Amino acid sequence: MVILWDPRFSKYFSDEEQEAIRALVPRTFLIKDVRFEDFTNKDQWVLKPTDLEEGNGVVVGSSVSPKGWREAFLSAQWQRNPAQYIVQERVIFPR
C-alpha cells in the first residue's frame, strides 16, 4: 500500500484511480521516509512491521501512551533496516 501513497508513482495512475486510492486505501508510509513530528496524533496511526506475522509487533497508537508511541515509532526508525516498518492510518470499521 505504500506505493499507492508515494507521490513518485502517482503518474502511473489515472485521475479516477488516484481518487479511488484516496477514498479507499488508508494512508501508508515507510517509517524510514517520514518524521515522527508528522505522526504525533497517535490515535490516528498504527505502526506495523512489513513482514507482519500474525499481528506480532503491531502498535496501535490509541492503545499506548504518548511516550509509548514515541518510543515505538523511534525504535522502528532506528532499526538496522527501517524499511521493514510502515506507519498506516488507522481504519475504524462501523458497527
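In this text, all values refer to a predicted model and were calculated from it rather than measured experimentally.
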Closest approach of [X] and [Y], non-hydrogen atoms and distance?
X: Gly57; Y: Pro49; value: O-CD, 3.5 Å
X: Lys42; Y: Val64; value: NZ-O, 2.8 Å
X: Phe13; Y: Glu17; value: CA-OE1, 3.2 Å
X: Leu47; Y: Ile31; value: CD1-CD1, 3.5 Å

**OP:** Kindly indicate whether the side chain of Val59, heavy atoms from C-beta on, has any atom under 4.5 Å from the side chain of Phe73.
**Re:**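 A side-chain contact is absent here, since even the closest heavy-atom pair is not under 4.5 Å.
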**OP:** Report yes if some heavy atom in the side chain of Trp45 is under 4.5 Å from a heavy atom in the side chain of Glu89; otherwise report no.
**Re:**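 Yes, side chains in contact.
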Original post:
Any link between Val60 and Val91 through a network of hydrophobic side chains (Ile, Leu, Val, Met, Phe, Trp, Tyr) touching at under 4.5 Å?
Top reply: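 No; tracing contacts between hydrophobic side chains, which count when under 4.5 Å, never links both residues.
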**OP:** Look at the side-chain heavy atoms of Ile, Leu, Val, Met, Phe, Trp and Tyr, link any pair under 4.5 Å apart, and say whether Trp78 and Phe39 land in one connected group.
**Re:**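 Result: yes, single cluster for both.
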Backbone N or O of [Y] within a donor-acceptor pair of the [X] side chain at under 3.5 Å?
X: Gln77; Y: Arg35; value: no
X: Gln18; Y: Ser10; value: yes
X: Ser62; Y: Asp43; value: no

Original post:
Angle class for the Trp5/Phe29 ring planes (parallel below 30°, perpendicular above 60°, tilted otherwise)?
Top reply: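 Trp5 and Phe29: tilted rings.
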Original post:
Roughly how far, to the nearest 0.5 Å, is the CD1 atom of Ile92 from the CD atom of Gln44?
Top reply: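 The CD1 atom of Ile92 is 9.5 Å from CD of Gln44, to the nearest 0.5 Å.
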**OP:** Any chance you could measure Leu30, atom CG, to Tyr85, atom OH, to the nearest 0.5 Å?
**Re:**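 Reported value, rounded in 0.5 Å steps: 13.0 Å.
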Original post:
Counting only heavy atoms not in Ile3, do more than 12 sit closer than 6.0 Å to its CD1 atom?
Top reply: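 No.
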Original post:
Should we count CD of Glu19 as having more than 12 external heavy atoms under 6.0 Å?
Top reply: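 Open.
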Subject >> Residue pair Thr28 / Gln88, side-chain donor-acceptor N/O under 3.5 Å >> reply: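 There is such a pair (donor and acceptor under 3.5 Å, judged by atom type) between the side chains of Thr28 and Gln88.
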